[in-house]
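What follows is a set of notes on a single structure, which appears directly below.
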Amino acid sequence: MTENELRAAFARHEALTPPAGPVRAAIDRAVVVRRRRRQRFGAAGVALAVLGALGVGIPQLAPRPDPQDATTVAGPSTGLPTGALNLLVLGLDTRSDATPPSADSVMIVHLPADRSRPYLISLPRDLEVEIPGFRRDKLNTAFAYGAGREHPDRSKGYDLTRKVVAELIGVPVDAGVVLTFPALRKATDVLGGVEVCLPQQVRSVHTHRVFPAGCRHLDGPASMDLLRQRRGLPDGGQDRDRNAQRFVAGLVRQAGEKGVLTDPVQISRLLAAVGPDLTVAGASVPDLLRVVPELASVEPVGLSLPVVDDVPRLRTDPRAAPAFLDALREDRLDRWAAANPDGVNRLR
């Protein structure tokens, strides 16, 4: 076939060719849909990693555990407020079966209404508080009172601690998490360790391990050894609380650097590891997932409730605590932190 014959054949069939405009438009729509799906997936990955690092588990994504190891999700979904949120995170030290577990780490994760960044607020375990239905005692005992001595119920322990904390800070606790030290150890090892930056040397009274000042990469056992240390530190348990904040900040950073934020396989491994040692209360997982991607920054700010040492227990500082709690209630911790730089804990 000559060139002229080919041109004539194409000319005869040109009228039968469909217009390119609709096809181009369809391709463009498909590209937009696919891009949006990738963006939603990335946001979900960020949410999963941050929630996991802060102790908020996603049991639906983990491999189905045995019934006796299943993560407890307490209460039906009631939705979360659209304004500022306060999440209660309790860390249990369960080394002894002879005594009911106590909450050795008590932390409020405050998410401001503008979702600028999370604030980690440590509440000292030795703070003297009124425990409804019992007596005045240390804050960490509220969990044991609520859970009971025989067959401790973590949900009841959390609920009583939540009431005590809500009364203390003067704002509702919207949701919460109870997790054990083994859960944190497993999460740390799944992530390949965590960098923790210490302003001063810490010596373990349990293992005699020395944690030098500065930034060090710690595995799961070393991290848990550090988190248990309070003896020998200048401010005792308060310094331990600050080190817990540094650990959480390092856990969040490590999750991002390891690509966990966008890798569902790694997320699933992380949640499968911590799931059996985790209790979530007061909100559904989808409720929590909808909140976290709104954060402008996942780098937390570390704060502590101002207290005074009234041996053998701590009490809220009558001069500094009211202003701090007012800032928390009125959702202006950013301004409080700017005006009180000495009250901000250095996390890195």
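Numbering of residues begins at 1 and proceeds along the displayed sequence. When reading the values below, keep in mind they use all heavy atoms of this one structure, side chains included, and skip hydrogens, waters and symmetry mates.
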With sequence neighbours left out, what residues match Tyr145 under ring pair (Phe, Tyr, Trp, His ring centres under 6.0 Å)?
Phe134

Under the ring pair (Phe, Tyr, Trp, His ring centres under 6.0 Å) rule, collect the residues that match up with Phe324, sequence neighbours excluded.
Trp336

Among all residues two or more places apart in sequence or in another chain, which pass the salt bridge (Lys or Arg N to Asp or Glu O under 4.0 Å) test with [X]?
X      : value
Arg115 : Glu294
Arg319 : none
Asp235 : Arg242
Arg329 : Asp326

Would you list the pairs meeting disulfide (SG to SG under 2.5 Å) in which at least one residue belongs to residues 126-191, sequence neighbours left out?
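For residues 126-191: none.
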
Pair listing, disulfide (SG to SG under 2.5 Å) test, anchored in residues 309-348, at least two apart
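Found none.
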
Listed partners of Pro132 passing side-chain contact (heavy atoms from CB on, under 4.5 Å), at least two apart:
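Once residues adjacent in sequence are excluded, the partners of Pro132 under the side-chain contact (heavy atoms from CB on, under 4.5 Å) criterion are Leu160, Val164.
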
Please identify each residue that fulfils side-chain contact (heavy atoms from CB on, under 4.5 Å) with Asn140, with sequence neighbours left out.
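Per chain and number, Asn140 pairs via side-chain contact (heavy atoms from CB on, under 4.5 Å) with Ser102, Asp104, Arg125, Lys138.
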
State which residue, out of Arg209, Gln229, Arg228, fulfils the side-chain hydrogen bond (donor to acceptor under 3.5 Å, both in side chains) condition with Ser204.
Gln229

Compile the donor-acceptor pairs under 3.5 Å between side chains in residues 188-198 and protein atoms, sequence neighbours left out, one pair per line.
residue: Thr188; atom: OG1; partner: Leu184; partner atom: O; Å: 2.8
residue: Asp189; atom: OD1; partner: Gly220; partner atom: N; Å: 2.7

Any donor-acceptor N/O pair, Arg246 side chain to Arg346 backbone, under 3.5 Å:
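Side chain of Arg246 to backbone of Arg346, a donor-acceptor pair under 3.5 Å: yes, one is there.
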
Could you work out, with side chain to side chain donor-acceptor pair (under 3.5 Å) as the rule, every residue matching Asn86, not counting sequence neighbours?
His110

